[in-house]
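A quick write-up on the structure given underneath.
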There are 2 protein chains.
Amino acid sequence: MVTLKQLAKELNVSISTVSKALNDSEEIGEETRKRVKELAKLYNYKPNKVALSLKQNKTKTIGVIIPDILNHFLSKVLFGIEREANLHGYNIITCISNESLQKEKDSLQLLANGSVDGFILSIAEETQTENEINHFKETISQGLPIVMFDRVAHDVKCDKVIVDNFEATYNATKNLIAENRKHIVFISKIDNISVGKLRERGYNKAMLEEGLETNVLRILKGDDTQQKIKRLYKKHTEMDGVVAADSASGVIAINMARNFKKKVPKDISVVGFSSKSVSNHSVPKLSIIRQHAKKIGAQAAQLLIDRLNSSSETHNDYTTKIVKTTLVKSKSTL
Amino acid sequence: MVTLKQLAKELNVSISTVSKALNDSEEIGEETRKRVKELAKLYNYKPNKVALSLKQNKTKTIGVIIPDILNHFLSKVLFGIEREANLHGYNIITCISNESLQKEKDSLQLLANGSVDGFILSIAEETQTENEINHFKETISQGLPIVMFDRVAHDVKCDKVIVDNFEATYNATKNLIAENRKHIVFISKIDNISVGKLRERGYNKAMLEEGLETNVLRILKGDDTQQKIKRLYKKHTEMDGVVAADSASGVIAINMARNFKKKVPKDISVVGFSSKSVSNHSVPKLSIIRQHAKKIGAQAAQLLIDRLNSSSETHNDYTTKIVKTTLVKSKSTL
DNA sequence: CTGAAAGCGCTAACAG
DNA sequence: CTGTTAGCGCTTTCAG
């Protein structure tokens, strides 16, 4: 990498002259500016990012901590973050907490040494179950802003971007009820995290309002999802609707239906939190609750960057943005 | 963030004394060392990463450029990279080329300004079709090593980690033939990239060796995969086997089979490049060709870090590691 | 055993 | 219009 020093030497001018010329300072003469720029182009000069960061005390880098990169929703959010960040000249350093509190703490600690200007994160499962939030508060008090998305800690004062989980399942359930379904089951692999609980409540409310009996199937970590859903079909032959809290369960419910001579959507309707690409995995295609993951990522990035730009430490008005879900009907509902 | 300066002031010693004490230099007295360390702990001192990077001319950061974060395989590799990098004290900056040559170039350029010590990347689709490799060569000649994985450019001299694509489909196809399948179709959504071509060749070879007729279904970007596969079933009623080059096609082929009164695996066997979690989306579960994505990521990270550590610029012996696939049979094959 | 000083690459206030 | 200087935070000779 060429440095200002080398350019200066070759041009027989001072380092600051070169620096100013490249930054189009009015202080420098037309002639000199041209000469400097030409040489810089020739050598493909690029200002050293690290030196700039040190000087300006900001890295133009965002630390992103996500619990699970294999989760389609989360990686889509990451995509949105990356895109929006790039648009504003920011890079992202990605850490994966793997749902572990310790790893989350470590990542936060590790990057809070000048590596990043702020964080965007979704909370690890373990962090939620242990209800630990001190590491977030510490980071913020060190002057590093945090934006939380999806799985957030309400007791931490920071910007947040969330989904209307409760309303989403409430509406989806109501929709199935409007199809005259009476025996709707709620399937969830994520009943241990906040988001999953909200989704379950939305379902419950819709069912209770209509005087229908609720039925929740919880699938745990080690469980065989297909087996559990198979047993569900066996036991509840009257089942005529499924609302799935995660992306796989809905797909499997559809594909399993035929084993029990049930036609989708004639005999049973299925809707689930999922993405377009995964909804394709079932025949017929799954009707989905879209979460607009990319948009969530973009919003989170915007919130953080806005805060980073408004140097005024004063404004403590933290905002919580709600990105509304959309029910996209395919062939698995009437 | 506390700095050495502040600690020095408070302790009435010089900055260098503090620095040495914290680095356990023998030059500093037992007593002083203790005092310094205590204050440092109290203030939660962490050496500024940026200053260190500038001083030592290395960032302990790896630039990762992947074509598509929503691709399960690629994000799993990313996971492997992140994990291995962390183990060695490296962070990763992630850029997503989105299969675009321009974005790939930009990312490379942008990070080659001192932001990272080297790159791990998989080539964008557009880069492959346009057969452009100069940007890679330039980056390498600037002193930034590159490790390529999965989709690699053979004409670029660098370390590589690849999959035995040809053998994988060759073996998988042979397996179906051993089940006495005669009308095996190869389905591919990725026939435009090198990896996809290799997979197709492996299938072709196996079929031709046995004197069987090949039949390839290519699914393009805008196509409706379900429609295409449906038409395939309609047209080729004799079909009794499927080898899928991507993760979705295999799943869909299984779930679609019943629409044509075909039992899996009795009437038709299906195997596809996929992951365990996606193989779950079909009933019965898809038999898969596992690529060991995490291992690929880990190996790539190791190769890069090894090269970064061996300061000797001299050794130009680039290695290409082949991570062998594994055929994992589920219930979609006999 | 401790401190002063140089330097990593850059910007910017201040002289000339 | 151009150059000198200081300083971002840190490590590391080299003096003392």
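Every chain is numbered from 1, with letters handed out A, B, ... down the list of sequences.
Using modelled atom types, one finds a donor on one side chain and an acceptor on the other under 3.5 Å when comparing B/Asp117 with B/Thr59.
Contact annotation: B/Lys49 side-chain N/O to D/dC10 OP1/OP2 distance is not under 4.0 Å. Taking only side-chain nitrogens and oxygens, B/Thr17 never comes nearer than 4.0 Å to OP1 or OP2 of C/dT2.
Between the CG atom of A/Leu144 and the CD1 atom of A/Ile62 there is a distance of 12.0 Å, given to the nearest 0.5 Å. Interatomic distance, A/Phe73 CZ to A/Lys294 NZ, rounded to the nearest 0.5 Å: 13.0 Å.
Spacing between atom CG of B/Leu7 and atom P of C/dG3 amounts to 14 Å, rounded to whole angstrom units. Straight-line distance from the NZ atom of A/Lys58 to the C1' atom of C/dT11: 13 Å, rounded to whole Å. B/Lys60 has its NZ atom 17 Å from the C1' atom of D/dC10, to the nearest Å. Here the C1' atom of nucleotide C/dT11 and the NZ atom of A/Lys5 are 16 Å apart, to the nearest Å. For the pair B/Gln6 CD and D/dG9 C1', the computed distance is 11 Å after rounding to whole Å. Put simply, NZ on A/Lys9 is 18 Å from C1' on D/dG3, counting in whole angstrom units.
In summary, A/Arg307 and A/Asp159 engage in a salt bridge, as defined by a charged side-chain N under 4.0 Å from a carboxylate O. For A/Lys103 and B/Glu82, the salt-bridge test passes: some basic side-chain N is under 4.0 Å from an acidic carboxylate O. The pair B/Lys37-B/Glu30 does not count as a salt bridge, with every side-chain nitrogen at least 4.0 angstrom from each carboxylate oxygen. Under a 4.0 Å N-O distance rule, the pair A/Arg151/A/Glu99 qualifies as a salt bridge.
Residue-level contact check: B/Val13 touches the backbone only, with heavy atoms under 4.0 Å from sugar-phosphate atoms and none from bases. Within 4.0 Å of B/Asn48, counting heavy atoms only, lie sugar-phosphate atoms of the nucleic acid but no base atom. Using a 4.0 Å heavy-atom distance criterion, A/Ser53 is classed as making no nucleic acid contact.
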Listed pairs, N/O of protein and of nucleotides 11-15 of chain D, under 3.5 Å:
| unit_1 | atom_1 | unit_2 | atom_2 | d |
| --- | --- | --- | --- | --- |
| D/dT11 | OP2 | B/Ser19 | OG | 2.8 |
| D/dT11 | O2 | B/Lys55 | NZ | 3.0 |
| D/dT13 | O4 | B/Lys20 | NZ | 3.4 |

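Interface residues of residues 33-42 of chain B facing DNA chain D, ordered by number: none; criterion, heavy-atom separation under 4.0 Å.
When each of B/Thr61, B/Ile305, B/Leu304 is paired with B/Tyr90, the side-chain contact (heavy atoms from CB on, under 4.5 Å) condition holds for B/Ile305 and for no other.
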- Item | Criterion side chain to side chain contact (heavy atoms under 4.5 Å, CB included) on A/Val64 and A/Ile93, from CA distance to verdict | CA-CA 6 Å; A/Val64 180; A/Ile93 286 190; over 6 Å; no
